[in-house]
Novice: 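Following this message is one structure expressed as structure tokens.
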Amino acid sequence: QVQLVESGGGLVQAGGSLRLSCAASGRTFSSYAMGWFRQPPGKEREFVAAISSNGGYTYYVESVKGRFTISRDNAKNTVYLQMNSLKPEDTAVYYCARDHQVSGLAIHAPRTAREYDYWGQGTQVTVSS
């Protein structure tokens with residue numbers, strides 16, 4: 001059983017920064033693409049960013065491009081989401097997730113929730129105006 005544990009959320013003023021971390025259990029972390037999703041209050045969960053298994057390819061939703069950076073450290077079984085220039089509309093519960101299949105493809109970074117099978121418990125990010 002894989003466990004994903006997010007941390008790093010909190011309350012920040014608009015324009016500020018936060019770095020989220022997601023620590024994964026297990027010895028096969030480096031074989032899977034990873035993703036970040038978020039669920040704003042009263043809305044459905046949405047894709048934020050994804051990273052390939054070797055970290056060489058990333059993909060972002062348009063609204064966070066240039067502000068958020070996804071990265072991973074396979075030696076530490078951890079994926080990160082650096083969030084800069086935060087806006088009130090970034091307020092949400094942020095979840096990390098693991099791809100449902102092993103992939104060695106250099107450009108594989110899934111963008112839909114149905115392509116992920118393990119999820120963390122979420123961490124709250126609140127951006128005040």
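Model, not experiment: these values are computed from the prediction. We number each residue from 1, following the sequence as shown.
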Novice: Identify whether NZ of Lys or CZ of Arg in Arg111 sits under 6.0 Å from the centre of the six-membered ring of Phe47 and within 45° of that ring's axis.
Specialist: no

Novice: Donor-acceptor check, side chain of Thr126 to backbone of Leu11, threshold 3.5 angstrom: yes or no?
Specialist: no

Novice: Quick one: does any side-chain atom of Ser63 pair with a main-chain N or O of Val61 as donor and acceptor, under 3.5 Å?
Specialist: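 Absent.
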
Novice: I'd like to know whether CD1 of Ile107 has more than 12 heavy-atom contacts from other residues, nucleotides or ligands below 6.0 angstrom.
Specialist: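 Atom CD1 in Ile107 is not packed in, count stays at 12 or less.
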
Novice: Looking at every heavy atom in both Pro88 and Ser129, which two are closest together, and how far apart are they?
Specialist: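 Here Pro88 and Ser129 meet closest at CG-CB, 3.8 Å.
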
Novice: Would Tyr57 end up clustered with Tyr32 when hydrophobic side chains under 4.5 Å apart are linked, directly or stepwise?
Specialist: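 Each belongs to a different hydrophobic cluster.
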
Novice: Please enumerate all residues that pass side chain to side chain donor-acceptor pair (under 3.5 Å) together with Lys43, with sequence neighbours excluded.
Specialist: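 Side chain to side chain donor-acceptor pair (under 3.5 Å) check on Lys43 returns nothing, list empty.
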
Novice: Could you give me the CA-CA distance, side-chain angles and deciding distance for Phe29 and Arg72, then say whether side chain to side chain contact (heavy atoms under 4.5 Å, CB included) is met?
Specialist: CA-CA 10 Å; Phe29 177 78; Arg72 65 190 296 161; 3.3 Å; yes

Novice: Count I, L, V, M, F, W, Y as connected when their side-chain heavy atoms are under 4.5 Å apart, and connections chain through other members. Are Ile51 and Val2 then in the same cluster?
Specialist: yes

Novice: Closest approach of Gly122 and Glu6, non-hydrogen atoms and distance?
Specialist: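 Reported closest heavy-atom pair: N-OE1, 2.9 Å.
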
Novice: Establish whether Met34 and Leu18 are linked, either directly or via other cluster members, by ILVMFWY side-chain heavy-atom contacts under 4.5 Å.
Specialist: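 As far as the 4.5 Å side-chain criterion goes, Leu18 and Met34 are connected within one cluster.
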
Novice: Answer yes or no: are there more than 12 heavy-atom neighbours, outside Gln3 itself, under 6.0 Å from its atom CD?
Specialist: no

Novice: Side chain to side chain contact (heavy atoms under 4.5 Å, CB included) between Ser21 and Ser7: does it pass, once the steps are laid out?
Specialist: CA-CA 5 Å; Ser21 299; Ser7 60; 3.8 Å; yes

Novice: Any side-chain heavy atom of Thr91 within less than 4.5 Å of one from Gln124?
Specialist: yes

Novice: Using a 3.5 Å distance criterion without hydrogens, assess whether the side chain of Asn77 forms a donor-acceptor pair with backbone atoms of Gly26.
Specialist: yes

Novice: According to side chain to side chain donor-acceptor pair (under 3.5 Å), does anything in residues 80-90 pair up with another residue at least two apart or in another chain? List the pairs.
Specialist: Ser17-Asn84, Arg38-Asp90, Arg67-Asp90, Gln82-Asn84

Novice: Could you report the tightest heavy-atom contact between Ser53 and Ser31, atom names first, then the distance?
Specialist: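 Heavy atoms of Ser53 and Ser31 come nearest at CB-C, 3.8 Å.
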
Novice: With sequence neighbours left out, which residue pairs that include part of residues 92-121 fulfil the ring-ring contact (aromatic ring centres under 6.0 Å, His included) condition?
Specialist: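 Only Phe37-Tyr116, Phe37-Trp119 qualify under ring-ring contact (aromatic ring centres under 6.0 Å, His included).
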
Novice: Contact between Leu86 and Phe68 at the side-chain level, heavy atoms closer than 4.5 Å - yes or no?
Specialist: yes

Novice: Hydrophobic clusters here meaning ILVMFWY residues chained together by side-chain heavy-atom distances under 4.5 Å, can you tell me if Val79 and Val102 are in one?
Specialist: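 No.
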
Novice: Quick check for you: to the nearest 0.5 Å, what is the distance between Arg98 atom CZ and Cys22 atom SG?
Specialist: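 Here the interatomic distance stands at 11.5 Å.
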
Novice: For the atom pair OG (Ser71) and CG (Leu81), what is the distance rounded to the nearest 0.5 Å?
Specialist: 8.5 Å

Novice: Please determine which of Val127, Leu20, Val48 meets the side chain to side chain contact (heavy atoms under 4.5 Å, CB included) test together with Met83.
Specialist: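 Output: one option passes, namely Leu20.
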
